Number of protein chains: 2
Amino acid sequence: MRPGKNGKLALGPLPELVGYNLRKAQVAVFQSFQTAVAPHDITPGQFGVLIMIRENEGLSQSDLGTAVGIDRSTMVAVIDRLESRGLVVRAPSPNDRRSYALRLSPEGQSLMDDLIPRVQAHDQGMVKDLSPEEQVQFIDFLRRVSRAK
Amino acid sequence: MRPGKNGKLALGPLPELVGYNLRKAQVAVFQSFQTAVAPHDITPGQFGVLIMIRENEGLSQSDLGTAVGIDRSTMVAVIDRLESRGLVVRAPSPNDRRSYALRLSPEGQSLMDDLIPRVQAHDQGMVKDLSPEEQVQFIDFLRRVSRAK
DNA sequence: TATTGTTATACTCTATAACTATA
DNA sequence: TATAGTTATAGAGTATAACAATA
């Protein structure tokens with residue numbers, strides 16, 4: 001019986017590392033998110049992009065990319081996918097003919113109207129084992145770690 | 001002046017979501033990790049794989065994949081890379097001729113001897129703005145979220 | 001000169017399906 | 001029959017470099 005066939009493997013110093021636990025929590029949330037919004041087939045990243053377009057109608061692909069931290073060349077395919085699914089519209093920019101003014105289509109808008117409360121409920125479910133005070137603390141800790149460049 | 005050119009964009013409900021803050025913290029840790037161990041060119045994922053091999057010498061690729069949550073077909077290229085860099089050895093398994101017994105090479109061992117304290121120091125740095133009590137709490141919260149399937 | 005969107009290209013990470021050697 | 005490693009293939013996500021159109 002070789003190691004790992006039945007029992008657990010040794011993890012060494014990993015369980016004590018913040019980074020390891022952060023990664024595991026993030027994977028858990030990501031997978032759970034997929035299940036929660038499964039009928040709509042939207043990833044957390046796509047949800048973020050759709051939120052940004054919804055909240056900043058008319059923004060350009062470049063500015064969107066800067067905001068979510070991906071290159072403008074990468075953004076092309078991201079918008080291609082959302083546009084081909086009929087969720088996002090590339091409208092001509094009124095004052096700059098090089099760029100697009102991105103906005104949600106009516107389908108995209110109603111998708112988000114449905115999705116936002118669903119995502120918020122899912123998010124609450126991820127911290128259901130934490131008390132309200134602990135939840136506040138947890139988000140505060142996460143923000144402080146993000147800032148600790 | 002279109003939105004986003006100078007000021008920040010609106011983020012809508014994102015900043016209140018645990019998942020969003022978790023993702024941001026994880027990205028920050030990942031990038032910082034890369035910088036901290038830059039001379040060795042090791043990703044957090046590779047570090048995890050090397051730790052598992054170090055702590056469970058002789059394990060197979062399949063068992064390793066199961067432990068770190070990736071498919072055995074994906075593990076092939078992961079080990080290929082570490083083997084071609086001279087860090088990991090595919091030794092013949094003594095009792096099953098289908099599988100390999102993975103172990104660190106001497107180079108891999110000394111890399112890890114150097115890397116482990118470096119990673120631990122980096123990890124501490126990520127939570128340097130949290131008090132010792134808060135750090136304990138933080139890891140506890142992360143584990144509870146991981147379990148909240 | 002600089003910027004926007006795009007394409008070509010490349011690399012990582014990931015999976016499924018099918019193959020082979022073995023169990 | 002089942003499992004271990006592999007390959008072929010595919011898709012998402014990421015980047016850099018270069019290009020045309022426009023600023």
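Predicted model, so just to flag it, every value in this text is computed and none were measured. Lettering follows sequence order; numbering is per chain, from 1.
- Atom C1' of nucleotide D:dG13 and atom CG of A:Leu64 are separated by 15 Å, given to the nearest angstrom.
- Separating the OG atom in A:Ser62 from the CG atom in A:Leu64 is a distance of 9.0 Å, to the nearest 0.5 Å.
- OP1 or OP2 of C:dT6 lies within a sub-4.0 Å distance of a side-chain N or O belonging to A:Tyr100.
- Checking D:dA4, D:dT6, C:dT12 against every side-chain atom of B:Asp96, the shortest atom distance belongs to D:dA4.
- Between B:Arg97 and C:dA23 there is a side-chain N or O to OP1 or OP2 distance below 4.0 Å.
- Contact check of residues 33-47 of chain B against DNA chain D (heavy atom, cut-off under 4.0 Å) returns no residues at all.
- One can place CG of B:Asn95 at 17 Å from P of D:dT3, the figure rounded to the nearest angstrom.
- In this structure, B:Phe141 shares a hydrophobic cluster with A:Val18, A:Leu22, A:Val29, A:Met126, A:Val127, A:Leu130, A:Phe138, A:Ile139, A:Phe141, A:Leu142, A:Val145, B:Val18, B:Leu22, B:Val29, B:Met126, B:Val127, B:Leu130, B:Phe138, B:Ile139, B:Leu142, B:Val145, the cluster being traced through Ile, Leu, Val, Met, Phe, Trp and Tyr side chains under 4.5 angstrom apart.
- A:Gln137 places no side-chain N or O within 3.5 Å of a backbone atom of A:Glu134 that could act as its donor or acceptor partner.
- Here the P atom of nucleotide C:dT4 and the CZ atom of A:Arg90 are 15 Å apart, to the nearest Å.
- A close approach under 4.0 Å does not occur between any side-chain nitrogen or oxygen of B:Arg98 and OP1 or OP2 of D:dA2.
- By the salt bridge (Lys or Arg N to Asp or Glu O under 4.0 Å) test, B:Arg90 is found to be paired with B:Asp80, B:Glu83, residues two or more places apart in sequence or in another chain being considered.
- The shortest distance between side-chain heavy atoms of A:Leu102 and A:Gln61 falls below 4.5 Å.
- When distances are taken from the side chain of B:Ile70 to each of C:dA15, D:dT14, D:dA4, the shortest belongs to C:dA15.
- Contacts of residues 72-80 of chain A with DNA chain D (heavy atom under 4.0 Å): A:Arg72, A:Ser73, A:Thr74.
- Ion pairing between B:Glu107 and B:Arg85 fails under the 4.0 Å rule for side-chain N and carboxylate O.
- Residues passing the salt bridge (Lys or Arg N to Asp or Glu O under 4.0 Å) test with A:Glu55: none are found, sequence neighbours excluded.
- Pairs of residues two or more places apart, or lying in two chains, that qualify as salt bridge (Lys or Arg N to Asp or Glu O under 4.0 Å) and include a residue from residues 108-120 of chain B are B:Arg54-B:Asp113, B:Asp114-B:Arg118.
- Residue A:Leu59 contributes atom CG, which lies 18 Å from atom P of C:dT3 at whole-angstrom precision.
- A sub-4.0 Å separation between OP1 or OP2 of D:dG5 and a side-chain N or O of B:Ser62 is present.
- The phosphate of C:dT22 (OP1 or OP2) has no side-chain N or O of B:Ser99 nearer than 4.0 angstrom.
- Expressed to the nearest 0.5 Å, how far CG of B:Leu87 lies from CE of B:Met112 amounts to 9.5 Å.
- Atom pair A:Asp63:CG and C:dT4:C1' shows a separation of 10 Å (rounding to whole Å applied).
- The separation between B:Asp71 atom CG and C:dA17 atom P is 11 Å, rounded to whole Å.
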